[in-house]
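Report on the following structure.
Just so we're on the same page: letters track the sequence lines, and every chain starts at 1. No hydrogens, no waters, no symmetry mates; every other heavy atom, side chains included, goes into these values.
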There are 2 protein chains.
Amino acid sequence: MNTARGRECSLANALAVVGERWSMLVLREVMLGQRRYDQILANTGANRDTLASRLRTLVDAGILERQQYEQHPPRYEYVATEAGLALQPILMSLMEWGNQYATSGPPPTVFTHSCGAELHPRTVCDHCGETLEPGNARIERLGAVR
Amino acid sequence: MNTARGRECSLANALAVVGERWSMLVLREVMLGQRRYDQILANTGANRDTLASRLRTLVDAGILERQQYEQHPPRYEYVATEAGLALQPILMSLMEWGNQYATSGPPPTVFTHSCGAELHPRTVCDHCGETLEPGNARIERLGAVR
DNA sequence: GTGGTAAGTTCGAATTTCGAACCAACCGCC
DNA sequence: GGCGGTTGGTTCGAAATTCGAACTTACCAC
């Protein structure tokens with residue numbers, strides 16, 4: 001993804017890696033335990049060469065790792081690295097947003113948290129623990145526009 | 001964005017709306033207070049027709065609202081609706097992830113929370129307040145694959 | 001030896017995005 | 001009254017990306 005122009009920003013950098021079409025859905029499948037090419041293919045709906053290309057991008061970016069699980073013929077599966085695991089809460093939050101604003105009817109996919117309750121993610125300020133509300137954040141420093 | 005095939009999922013639904021190229025960067029600019037076409041154009045780096053198309057998509061999806069601020073000639077600015085504001089914490093979280101895994105050097109953009117501390121978003125379980133860790137979520141129900 | 005599985009690659013066709021140019025309507029300047 | 005600047009786009013043909021479908025390689029089970 002092109003990041004040459006526009007504001008210098010970590011959001012743009014993040015999107016350069018996971019903002020391409022299918023990338024997030026690939027991560028969803030890996031998160032759901034589907035780690036093999038053909039499973040990811042069927043469950044995302046991407047086509048074969050685009051998926052191969054996306055997987056390469058994600059591996060190169062250090063978000064997924066390619067692990068060989070068979071020698072002859074060589075077969076690989078994809079597992080999340082630390083960086084990939086760190087995206088999980090964000091995918092969950094986007095899924096929650098999708099439930100509220102982009103899905104009619106009951107949520108197709110539901111998780112249970114280890115505390116026993118149905119999982120609904122919420123984003124808080126790491127320092128004070130307060131829920132992040134639009135308007136409670138002030139711009140401290142702004143990336144330059146290139 | 002095509003959502004015909006693949007797993008039925010609110011993440012896919014969310015991405016059908018905000019997963020297209022430039023959409024999230026447009027939302028970032030609106031979030032930063034840049035609401036006019038030419039500002040958004042310069043600060044994202046998108047080209048003119050793609051930006052016009054993205055703005056239409058976001059308005060149609062109920063994420064942005066087009067507000068006329070001048071009668072002759074008609075001029076518009078774009079403001080976030082409730083659905084758009086609800087995406088702010090997610091953009092902040094993605095920015096935080098980008099800081100850690102996709103940006104070298106100091107973060108280009110920094111926010112301060114109303115509590116006074118530098119803002120670092122964290123995602124928690126809404127019920128128990130515990131930080132979301134990969135592995136603490138169990139799949140309760142899974143969307144079907146179409 | 002026939003069919004199935006897995007992880008891709010290759011193909012030409014369709015769609016999307018690209019930069020650059022254009023446009024209409026107004027403004028301030030002198 | 002003419003000149004340049006601003007705003008919010010549209011139009012263009014060219015380049016890049018994504019599409020579905022077919023093919024490949026290597027193994028296994030029957």
Side-chain angles (χ1 to χ4, degrees), chain A residues 1-7 12 15-27 29-30 33-61 64-79 145-146, chain B residues 1-7 12 15-27 29-30 33-61 64-79 145-146:
Chain A
M1 207 180 230
N2 169 24
T3 319
R5 258 173 277 275
R7 193 189 299 284
L15 291 173
V17 180
V18 296
E20 284 172 307
R21 185 114 115 103
W22 305 117
S23 297
M24 299 248 202
L25 294 184
V26 168
L27 292 174
E29 287 308 312
V30 171
Q34 310 295 300
R35 321 168 149 194
R36 323 258 253 231
Y37 183 90
D38 273 15
Q39 294 175 323
I40 298 172
L41 187 77
N43 297 346
T44 56
N47 71 14
R48 308 190 73 91
D49 63 349
T50 306
L51 176 59
S53 163
R54 256 347 125 257
L55 286 170
R56 257 191 300 273
T57 307
L58 291 169
V59 168
D60 290 351
L64 294 182
E65 241 174 35
R66 207 173 180 237
Q67 287 188 351
Q68 190 161 1
Y69 69 92
E70 205 185 91
Q71 299 297 319
H72 294 286
R75 294 288 156 75
Y76 304 93
E77 54 187 8
Y78 297 88
V79 298
V145 179
R146 280 166 301 206
Chain B
M1 211 183 227
N2 169 24
T3 319
R5 257 174 277 274
R7 192 189 300 284
L15 291 174
V17 179
V18 296
E20 284 173 306
R21 184 113 114 104
W22 305 116
S23 297
M24 297 248 202
L25 295 184
V26 168
L27 292 175
E29 288 308 313
V30 172
Q34 310 295 301
R35 323 170 146 190
R36 323 259 251 233
Y37 183 87
D38 274 13
Q39 294 175 325
I40 298 171
L41 187 76
N43 296 346
T44 56
N47 72 15
R48 306 190 73 91
D49 63 349
T50 306
L51 177 59
S53 164
R54 254 349 124 254
L55 286 169
R56 259 191 299 272
T57 307
L58 291 169
V59 168
D60 289 351
L64 294 182
E65 241 174 37
R66 206 171 182 242
Q67 286 187 353
Q68 190 159 0
Y69 70 92
E70 205 186 89
Q71 299 298 319
H72 293 288
R75 293 287 155 78
Y76 305 93
E77 55 188 6
Y78 296 89
V79 298
V145 179
R146 281 166 298 208

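Relative to the side chain of A/Arg54, the nucleotides C/dG8, D/dT18, D/dT10 differ in distance, and D/dT18 lies closest. Among the nucleotides D/dT7, D/dG20, C/dC18, the one closest to the side chain of B/Tyr69 is D/dT7. For A/Arg66, whose side chain is taken as the heavy atoms from C-beta onward, the closest listed nucleotide among C/dA7, D/dG9, C/dT17 is C/dA7. Side-chain proximity of B/Asp49 to C/dG19, D/dG8, D/dT18: nearest is C/dG19. Of the candidates D/dG9, D/dG20, D/dC27, D/dC27 carries the atom nearest the A/His72 side chain, counting heavy atoms from C-beta on.
A close approach under 4.0 Å does not occur between any side-chain nitrogen or oxygen of B/Thr50 and OP1 or OP2 of C/dT16. Regarding contacts with the backbone of C/dC18, a side-chain N or O of B/Trp22 is found under 4.0 angstrom from either OP1 or OP2. Phosphate proximity of D/dG9 to B/Tyr78: present, with a side-chain N or O under 4.0 Å from OP1 or OP2.
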Start with the C-alpha distance between A/Val26 and A/Leu64, add both sets of side-chain angles, then the distance that settles side-chain contact (heavy atoms from CB on, under 4.5 Å), and finish with yes or no. CA-CA 10 Å; A/Val26 168; A/Leu64 294 182; 4.1 Å; yes

Is there a salt bridge (Lys or Arg N to Asp or Glu O under 4.0 Å) between A/Arg48 and A/Asp38? Walk through the geometry before answering. CA-CA 9 Å; A/Arg48 308 190 73 91; A/Asp38 273 15; 3.2 Å; yes

side-chain contact (heavy atoms from CB on, under 4.5 Å) for B/Arg54 and B/Glu20? Distances and angles first, verdict last. CA-CA 8 Å; B/Arg54 254 349 124 254; B/Glu20 284 173 306; 3.6 Å; yes

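For the pair B/Arg36 CZ and D/dT6 P, the interatomic distance rounds to 13 Å; values are reported in whole Å. Straight-line distance from the CD atom of A/Gln39 to the P atom of C/dT5: 13 Å, rounded to whole Å. Protein atom CZ of B/Arg21 is 13 Å distant from nucleotide atom P of D/dA16, rounded to whole Å. The CD-C1' distance, from A/Glu20 to D/dA16, rounds to 12 Å in whole Å. The nearest whole Å value for the distance from the OH atom in A/Tyr37 to the C1' atom in C/dG8 is 5 Å. Atom CG in A/Leu41 sits about 14 Å away from atom C1' in D/dT18, given to the nearest Å. Atom pair A/Arg56:CZ and D/dT18:P shows a separation of 13 Å (rounding to whole Å applied). Regarding A/Asp38, its CG atom lies at a distance of 9 Å from the P atom of C/dG8, rounded to whole Å.
Applying the 3.5 Å distance criterion, the base of C/dA6 shares a donor-acceptor pair with the side chain of A/Arg75. For A/Arg48 against C/dA7, a side-chain N or O and a base N or O form a donor-acceptor pair under 3.5 Å.
B/Arg146 CZ: more than 12 foreign heavy atoms inside a 6.0 Å radius.
Between the side chains of B/Arg35 and B/Tyr69, not a single donor N or O lies within less than 3.5 Å of an accepting N or O.
When the nearest nucleotides of DNA chain D are assigned to B/Arg5 and B/Tyr76 by heavy-atom distance, the more 5′-ward of the two goes with B/Tyr76.
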